[in-house]
Amino acid sequence: MRWAIVVFFGLVAQPAAGWEFSPTPVCTLSHEGAAALRITRDPSRPEPYELQITRPEAWAGAPAFAMRFDGARGMTIATDRHRLSEDLRTLSVTDRGFGNVLDGLEFNHTATALGGADAVMFDLEGAAEAVRAFRECPAAPLS
């Protein structure tokens, strides 16, 4: 019985994977969980915004990638301009703006990345504050 109590409190004491913002070396919004989500803004690139989702296992690959946001401002956005890393574990999308992605993360309770048969869900609890900091990040990279 004592062992079960120790295990229970050990699990409860584990820090929850959270949403983080960093202004250096470029504006970065990230979340670590079963999969890692990372959004960067680097004005030195022609398409300054990049979304990366890295999983422990390979993405199967699909002609389209979508993100579904569930909550108060639910929506689904999609693109065929995604690419996979050499090891197939990281899916990336770049663009000139990510307003819909940032709105989805800030104003909803879950986000689900959809690539063919693959689906990765992210809990958005605590994301809003980090998203707001990302939006306010200076336009130029900091050195």
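Note that the numbering runs from 1 along the sequence shown for the chain.
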TODO: Report the residues that fulfil salt bridge (charged side-chain N to carboxylate O under 4.0 Å, His left out) with R132, sequence neighbours left out, ordered by chain and then residue number.
DONE: E106

- [ ] Using salt bridge (charged side-chain N to carboxylate O under 4.0 Å, His left out) as the criterion, list what pairs up with D87, not counting sequence neighbours.
- [x] R89

Open item on the list: Quick check: closest heavy atoms across A119 and T112, and the distance to 0.1 Å?
Closed with: CB-CG2, 4.1 Å

Open item on the list: Would you say that more than 12 heavy atoms from the other residues, nucleotides or ligands in this model lie under 6.0 Å from the CZ of R45, or not?
Closed with: yes

Open item on the list: Under 4.5 Å between side-chain heavy atoms, counting indirect links through other Ile/Leu/Val/Met/Phe/Trp/Tyr residues: same cluster for V93 and L84 or not?
Closed with: yes

Open item on the list: I'd like to know if I77 and L102 are part of one continuous hydrophobic network [Ile/Leu/Val/Met/Phe/Trp/Tyr, side-chain heavy atoms within less than 4.5 Å].
Closed with: yes

Task: Heavy-atom closest contact (F134 atom, C27 atom, distance) - done: CE1-O, 3.4 Å

Open item on the list: Ignoring hydrogens, what is the shortest heavy-atom contact between A58 and D118? Give both atom names and the distance.
Closed with: O-OD2, 4.3 Å

Open item on the list: Looking at every non-hydrogen atom in both residues, tell me the closest pair between T28 and V26 and how far apart they are.
Closed with: OG1-O, 3.0 Å

- [ ] Could you tell me the separation between the CG atom of L105 and the CD1 atom of I39, rounded to the nearest 0.5 Å?
- [x] 5.0 Å

- [ ] Only counting residues at least two apart or in another chain, list the ones meeting salt bridge (charged side-chain N to carboxylate O under 4.0 Å, His left out) with R83.
- [x] E50

TODO: Name all residues meeting the side chain to side chain contact (heavy atoms under 4.5 Å, CB included) criterion together with A64; count only those two or more places apart in sequence or in a different chain, and write none if there are none.
DONE: none

Open item on the list: Under the rule for side chain to side chain donor-acceptor pair (under 3.5 Å), what residues qualify as partners of D103, not counting sequence neighbours?
Closed with: R135

Task: ring-ring contact (aromatic ring centres under 6.0 Å, His included) partners for F122, two or more places apart - done: H31

- [ ] Output all residues satisfying side chain to side chain donor-acceptor pair (under 3.5 Å) with T94, sequence neighbours left out; order by chain, then residue number.
- [x] E47

- [ ] Heavy atoms only: give me the nearest D80-P63 pair and the separation to one decimal.
- [x] CB-O, 3.5 Å

Open item on the list: Quick test of your reading: applying ring-ring contact (aromatic ring centres under 6.0 Å, His included), list the pairs with at least one residue in residues 54-79, sequence neighbours left out, ordered by first then second residue.
Closed with: none

- [ ] With sequence neighbours left out, write down each residue that passes side chain to side chain donor-acceptor pair (under 3.5 Å) with T40, or none if nothing qualifies.
- [x] none

Task: Cluster link F107 to F21, ILVMFWY, side chain under 4.5 Å - done: no

Task: Point-to-point distance, once rounded to the nearest 0.5 Å, from OG1 of T79 to CE of M67 - done: 12.5 Å

Open item on the list: Let me confirm one number: the CD-OG1 distance from Q52 to T90, rounded to the nearest 0.5 Å.
Closed with: 6.0 Å

Open item on the list: Restricting to side chain to side chain donor-acceptor pair (under 3.5 Å), what partner residues turn up for E57, sequence neighbours left out?
Closed with: R55

Open item on the list: As an exercise, state the distance from CG of N100 to CE of M75, rounded to the nearest 0.5 Å.
Closed with: 5.0 Å

Open item on the list: Just so I know, are the side chains of L29 and V131 near enough to count as touching, which here means a heavy-atom distance under 4.5 Å?
Closed with: yes

TODO: Output the distance between atom CG (D123) and atom OG1 (T110), rounded to the nearest 0.5 Å.
DONE: 8.0 Å

Open item on the list: Please list all pairs meeting ring-ring contact (aromatic ring centres under 6.0 Å, His included) that have one or both residues in residues 70-101, counting only residues at least two apart or in different chains.
Closed with: Y49-F98

Task: salt bridge (charged side-chain N to carboxylate O under 4.0 Å, His left out) against E129, all qualifying residues, sequence neighbours excluded - done: none

Open item on the list: Testing the basics here: between G104 and L124, what is the closest heavy-atom pair and its distance to 0.1 Å?
Closed with: O-CD1, 3.5 Å

